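This structure is a prediction, so every number in the text was calculated from the model and none was measured.
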Amino acid sequence: MNKSLQQAFRRGAALALAFLLLGLAPALAQAPQGVSVTMNYTGPDGNPVTAEAVPVAYPGFENAFWLYVPPEALQAPDTALTVTDLMMQYPGGFTLPQGTPLAEFYAQDSGQTLGELYIPVAGLGLNGEPLAEFRVYLSLSAPEPLPPETTAQPAAVLIRYLDQDNREFASEQRMLPAGPNTVTPDVSYVPADYQLTGPGEYAVNVTAAGVEPPEVVFTYQKQIQAATLAIRYLDQNGQVIYLEQRTLQPGPN
């Protein structure tokens, strides 16, 4: 192969390698958090064992790992923790030295919950400045954590006001705090001559799952006024012998 052909081959190989690296970049970028957390120890049979911590998949725990320590790792005298920079993002390394004995952290056992007990790890820059914070939850009993408890937030309940013909004449969205609530009508939405005919209050509970019930209805009817009834007394010839005006109240009389 002459010199010019060799140069062309090298340029083509370099170009192919560049395209290969570009194609790999998205896959590498998808590595969880850009770091891995591993536990290393000698198994009962004398062979080395490596177990990788699992990234926590729940919202709010994007930089967290769950590491289950099985009984054999707990009994091994050389169990150690290592954090690896997969993307070469932390030139200063990590605040957790490579190969730190895991026994130093057994008191921080998280059990089954993603709570306040965890191993804090920071990825460092060239000058030792923290660039990223990570949490390693250590569990001596659970291969995976329980779902984190969600906190109930204030939420809106739909309140509808209906008349006697089941027609809506007003509605509102009312914000309620978390927990049990008692909802009553807002009289500013109700005409003065409307009278409540259904329940005057409802129990509404706001939980992490939302509002229950999501809607309440207050039913009214237009207030019926007293009316005057004309009463005529006639003789046998149909002549009025007496005339009376009698006031009747709403309802049967």
Side-chain angles (χ1 to χ4, degrees), residues 20-21 23-153 178-179 206-210:
L20 176 62
L21 291 176
L24 286 177
L28 293 175
Q30 293 171 9
Q33 295 116 335
V35 304
S36 69
V37 179
T38 54
M39 174 178 62
N40 302 280
Y41 61 94
T42 301
D45 57 1
N47 291 319
V49 178
T50 299
E52 189 166 347
V54 179
V56 178
Y58 297 109
F61 294 88
E62 288 75 14
N63 281 1
F65 294 85
W66 185 265
L67 179 63
Y68 170 57
V69 184
E72 63 178 31
L74 194 60
Q75 295 167 7
D78 61 345
T79 304
L81 194 63
T82 297
V83 182
T84 304
D85 183 358
L86 301 175
M87 300 292 296
M88 308 296 290
Q89 300 176 93
Y90 309 107
F94 299 92
T95 52
L96 184 74
Q98 304 286 56
T100 300
L102 199 61
E104 295 182 11
F105 305 109
Y106 288 159
Q108 293 173 259
D109 176 23
S110 296
Q112 292 182 290
T113 60
L114 295 164
E116 298 300 321
L117 290 176
Y118 58 85
I119 305 168
V121 180
L124 306 175
L126 275 175
N127 300 316
E129 72 278 11
L131 300 179
E133 299 288 338
F134 302 94
R135 289 176 284 175
V136 179
Y137 289 91
L138 187 71
S139 176
L140 308 182
S141 59
E144 61 183 34
L146 294 172
E149 292 184 3
T150 52
T151 304
Q153 301 294 325
V206 178
T207 67

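Sorted by first and then second residue, the pairs that involve residues 126-136 and meet side-chain hydrogen bond (donor to acceptor under 3.5 Å, both in side chains), not counting sequence neighbours, are Arg135-Tyr137.
For the side-chain contact (heavy atoms from CB on, under 4.5 Å) test, residues two or more places apart in sequence or in another chain that qualify with Thr84 are Ser36, Thr82, Leu86. The side-chain hydrogen bond (donor to acceptor under 3.5 Å, both in side chains) check on Asp45 picks up Asn47, with sequence neighbours excluded. Under the rule for a side-chain contact (heavy atoms from CB on, under 4.5 Å), the partners of Ala103 that lie at least two apart in sequence or sit in another chain are Tyr106. In this structure, the ring-ring contact (aromatic ring centres under 6.0 Å, His included) partners of Phe94, at least two apart in sequence or on a different chain, are Tyr90. Scored by the side-chain hydrogen bond (donor to acceptor under 3.5 Å, both in side chains) test, Thr42 finds Asp78 as partners (sequence neighbours excluded). For Glu72, the side-chain hydrogen bond (donor to acceptor under 3.5 Å, both in side chains) test picks out Tyr41, with sequence neighbours left out.
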Show the atom names and distances, to 0.1 Å, of all donor-acceptor pairs under 3.5 Å that link a side chain in residues 48-59 to residues at least two apart or in another chain.
from, atom 1, to, atom 2, distance (Å)
Thr50, OG1, Asn40, OD1, 2.8

Pair up each side-chain donor or acceptor in residues 113-126 with any protein partner under 3.5 Å, not counting sequence neighbours, and list the distances.
from, atom 1, to, atom 2, distance (Å)
Thr113, OG1, Ser110, O, 3.4

(request) Could you walk me through whether Leu96 and Phe105 pass side chain to side chain contact (heavy atoms under 4.5 Å, CB included), step by step? (result) CA-CA 12 Å; Leu96 184 74; Phe105 305 109; 3.5 Å; yes
(request) May I have the step-by-step check of side chain to side chain contact (heavy atoms under 4.5 Å, CB included) for Val69 and Leu102, ending in yes or no? (result) CA-CA 9 Å; Val69 184; Leu102 199 61; 3.7 Å; yes
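Between Gln153 atom CD and Thr207 atom OG1 the span is 11.5 Å, to the nearest 0.5 Å. Here the CZ atom belonging to Phe134 is positioned 10.0 Å from the OG1 atom belonging to Thr95, to the nearest 0.5 angstrom.
Shown here for Ser139 and Gly111, the closest heavy-atom pair between the two residues is OG-O, 2.6 Å. Between Pro143 and Trp66 the shortest heavy-atom distance is O-CD1, 3.3 Å.
Between the side chain of Thr100 and the backbone N or O of Leu81 there is no donor-acceptor pair closer than 3.5 Å. Distance alone, capped at 3.5 Å, places no donor-acceptor pair between the Asp85 side chain and the Val35 backbone. Judged purely by atom type and a 3.5 angstrom limit, Gln89 has no side-chain atom pairing as donor or acceptor with the backbone of Met87.
Two residues are said to be in side-chain contact when any heavy atoms from C-beta on lie closer than 4.5 Å; Leu74 and Leu140 meet this criterion.
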